[in-house]
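Here the structure is laid out as structure tokens; the discussion comes afterwards.
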Amino acid sequence: MTEPKAGFLEVRNVEALYGQAILAVRDVSLKVEEGSIVALLGANGAGKSTTLKAISNLLGPARGRVSKGDIRWRGEPVSALSASRLVARGIVQVLEGRHVFPQLTVEENILSGGFVRRPSRSALSDGLEQVYTWFPRLKQKRKTKAGLTSGGEQQMVAIGRALMTKPKLVLLDEPSMGLAPIIVQEIFEIIRGLNRDSGVSFLLAEQNASLALKYADHGYILEMGRVALSGTAAELRARDDVHDFYLGGAQSRVPH
Ligand SMILES: Nc1ncnc2c1ncn2[C@@H]1O[C@H](COP(=O)(O)OP(=O)(O)OP(=O)(O)O)[C@@H](O)[C@H]1O
Ligand SMILES: [Mg+2]
């Protein structure tokens with residue numbers, strides 16, 4: 001039986017451990033409403049990646065686990081679903097650090113995301129064309145080995161591959177990491193477009209809080225594995241203490 005009104009993504013009081021004792025996440029609760037972009041902010045080691053991996057059931061390979069709390073995807077506990085079944089049900093994660101297969105071409109990398117749904121040949125090529133409309137740069141580089149493309153293009157490949165699974169929610173871990181501001185802006189504009197035109201929801205982990213809050217609807221700020229502050233992006237942007245303590249002061253502000 002499903003609950004009468006199941007939420008989209010709900011994380012309640014989650015604690016996560018690595019090994020027997022390393023407490024990476026102490027108490028995190030958050031929500032993503034369908035159709036929204038939510039920013040998960042915080043400094044190095046705050047617990048952003050651990051939270052995203054807990055949601056998509058990817059802690060196991062890192063010898064981690066959720067030790068308390070509850071994570072539900074459309075009313076169902078994620079612990080009951082393997083990472084690949086979660087993908088089939090609409091949650092996909094783009095891991096931190098742009099994981100592409102360097103020896104495969106851009107196109108082969110993107111296509112590799114398409115197989116979870118056992119698509120027909122035509123569904124696969126439609127999906128690919130769709131990715132190319134979002135990322136026209138990738139179409140030009142389709143035959144290039146992914147390892148030879150720029151960091152920004154590799155991030156686009158990683159996102160494009162995730163989109164081949166036809167997700168409802170994309171968990172995107174530090175899309176801006178190590179990229180030039182102009183490329184980061186391009187990637188965030190594509191995220192905004194995907195959200196607006198295709199209704200894809202995003203949970204974005206970012207250290208670059210002022211950038212993420214420019215695009216997000218809501219934000220959560222993690223500090224040492226706990227939610228220190230949350231609110232609408234406008235509320236968080238307006239708070240001076242958020243800028244001073246969590247967002248790195250004036251330097252990290254992005255001009256509007
Ligand atoms: N595989 C692991 N084994 C043991 N401890 C880990 C592991 N991964 C992360 N941790 C620890 O868990 C805590 C949270 O790390 P996490 O990677 O979730 O932070 P983060 O907010 O994503 O940081 P960053 O911005 O640097 O990516 C840190 O103290 C980190 O050292
Ligand atoms: Mg991280």
Side-chain angles (χ1 to χ4, degrees), residues 9 11-32 37-71 78-79 83 86 91-100 151-152 154-155 158-159 162 169-181 183-184 187-188 191 202-216 218-231 233 236 242-249 251-254:
L9 177 71
V11 174
R12 288 193 211 116
N13 303 111
V14 161
E15 178 187 275
L17 298 172
Y18 290 103
Q20 292 308 308
I22 302 169
L23 195 54
V25 165
R26 289 157 200 268
D27 185 7
V28 169
S29 298
L30 63 85
K31 265 187 190 185
V32 178
I37 299 179
V38 174
L40 186 60
L41 309 169
N44 282 126
K48 304 179 297 295
S49 299
T50 304
T51 302
L52 294 191
K53 285 183 184 161
I55 293 167
S56 51
N57 223 339
L58 287 172
L59 282 177
R63 301 202 333 110
R65 66 189 169 92
V66 171
S67 38
K68 282 186 192 154
D70 186 37
I71 304 173
V78 300
S79 56
L86 278 165
I91 295 195
V92 71
Q93 176 150 1
V94 180
L95 292 167
E96 194 172 69
R98 308 191 276 278
H99 295 269
V100 298
Q154 289 181 28
Q155 184 63 272
I159 298 172
L169 172 64
V170 180
L171 310 175
L172 199 47
D173 200 348
E174 305 253 10
S176 77
M177 201 210 288
L179 301 180
I183 293 290
V184 171
I187 290 172
F188 273 77
I191 291 168
F202 287 89
L203 178 58
L204 298 169
E206 261 299 338
Q207 281 195 35
N208 189 338
S210 52
L211 169 79
L213 288 176
K214 202 175 142 195
Y215 290 89
H218 281 84
Y220 292 84
I221 298 175
L222 297 190
E223 206 183 26
M224 296 181 67
R226 287 198 168 84
V227 176
L229 204 58
S230 66
L236 294 175
V242 168
H243 281 283
D244 293 344
F245 295 113
Y246 300 106
L247 309 189
Q251 298 133 296
S252 71
R253 291 188 199 204
V254 172

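Numbering of residues begins at 1 and proceeds along the displayed sequence. Every number for a ligand or one of its atoms is a count from 1 in the order of the listing.
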Quiz item: Under 4.0 Å from atom 4 (C) of ligand 1, do we find at least one protein heavy atom?
Solution: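 Protein heavy atoms within 4.0 Å of atom 4 (C) of ligand 1 - there is at least one.
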
Exercise. Verify the contact flag for atom 31 (O) of ligand 1, where contact means a protein heavy atom under 4.0 Å away.
Key: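 So far as the 4.0 Å threshold goes, atom 31 (O) of ligand 1 is out of reach of every protein heavy atom.
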
Self-check item: From CA spacing to verdict: side-chain contact (heavy atoms from CB on, under 4.5 Å), Leu203, Leu30
Solution: CA-CA 10 Å; Leu203 178 58; Leu30 63 85; 4.3 Å; yes

Write out the residue and atom name of the closest protein heavy atom to [atom], then the distance separating them to 0.1 Å.
atom                    : result
atom 26 (O) of ligand 1 : Asn44 ND2, 2.7 Å
atom 9 (C) of ligand 1  : Tyr18 CE1, 3.4 Å
atom 23 (O) of ligand 1 : Gly45 N, 2.8 Å
atom 25 (O) of ligand 1 : Lys48 NZ, 2.7 Å
atom 17 (O) of ligand 1 : Ser49 CB, 3.8 Å

Side-chain heavy atoms of [X] within contact of [Y], under 4.5 Å:
X      : Y      : answer
Ser176 : Leu211 : yes
Val94  : Val92  : no
Lys48  : Tyr220 : no
Leu9   : Ile71  : yes
Val78  : Val66  : no
Leu95  : Lys53  : yes
Val227 : Val28  : yes

Quiz prompt | Any donor-acceptor pair under 3.5 Å from Glu96 side chain to Glu174 backbone | solution = no

Quiz item: Counting from 1, what ligand 1 atoms have a heavy atom of Thr50 closer than 4.0 Å?
Solution: 14 (C), 15 (O), 16 (P), 18 (O)

Practice problem: Heavy-atom contacts with Glu96 under 4.0 Å: which atoms of ligand 1 show up? List them by number with element. | Solution: 27 (O)

Practice problem: Would you please name every residue forming a side-chain contact (heavy atoms from CB on, under 4.5 Å) with Ser29, sequence neighbours left out? | Solution: Asn13, Asp27

Exercise. Of the side chain and backbone of Arg63, name the one, both, or neither that has a heavy atom under 4.0 Å from an atom of ligand 1.
Key: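 Near ligand 1, Arg63 shows nothing, with every heavy atom at 4.0 Å or more.
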
Practice problem: For ligand 1, note which part of Ala43 has a heavy atom under 4.0 Å away: side chain, backbone, both or neither. | Solution: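 Just the backbone.
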
Self-check item: Distance-minimising heavy-atom pair for Ala205 and Asp173
Solution: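 That closest heavy-atom pairing would be CB-OD1, 3.5 Å.
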
Quiz item: Using a cut-off of 2.8 Å, how many protein N, O or S atoms lie below it in distance from the Mg ion (ligand 2)?
Solution: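 Those protein atoms number 2 in total.
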
Quiz prompt | Worked verdict on Glu206 versus Tyr215 for side-chain contact (heavy atoms from CB on, under 4.5 Å) | solution = CA-CA 12 Å; Glu206 261 299 338; Tyr215 290 89; over 6 Å; no

Quiz prompt | Per atom 19 (O) of ligand 1, closest listed option by heavy atom (Gly47, Ala24, Gly64) | solution =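 Nearest option to atom 19 (O) of ligand 1, by heavy atoms: Gly47.
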
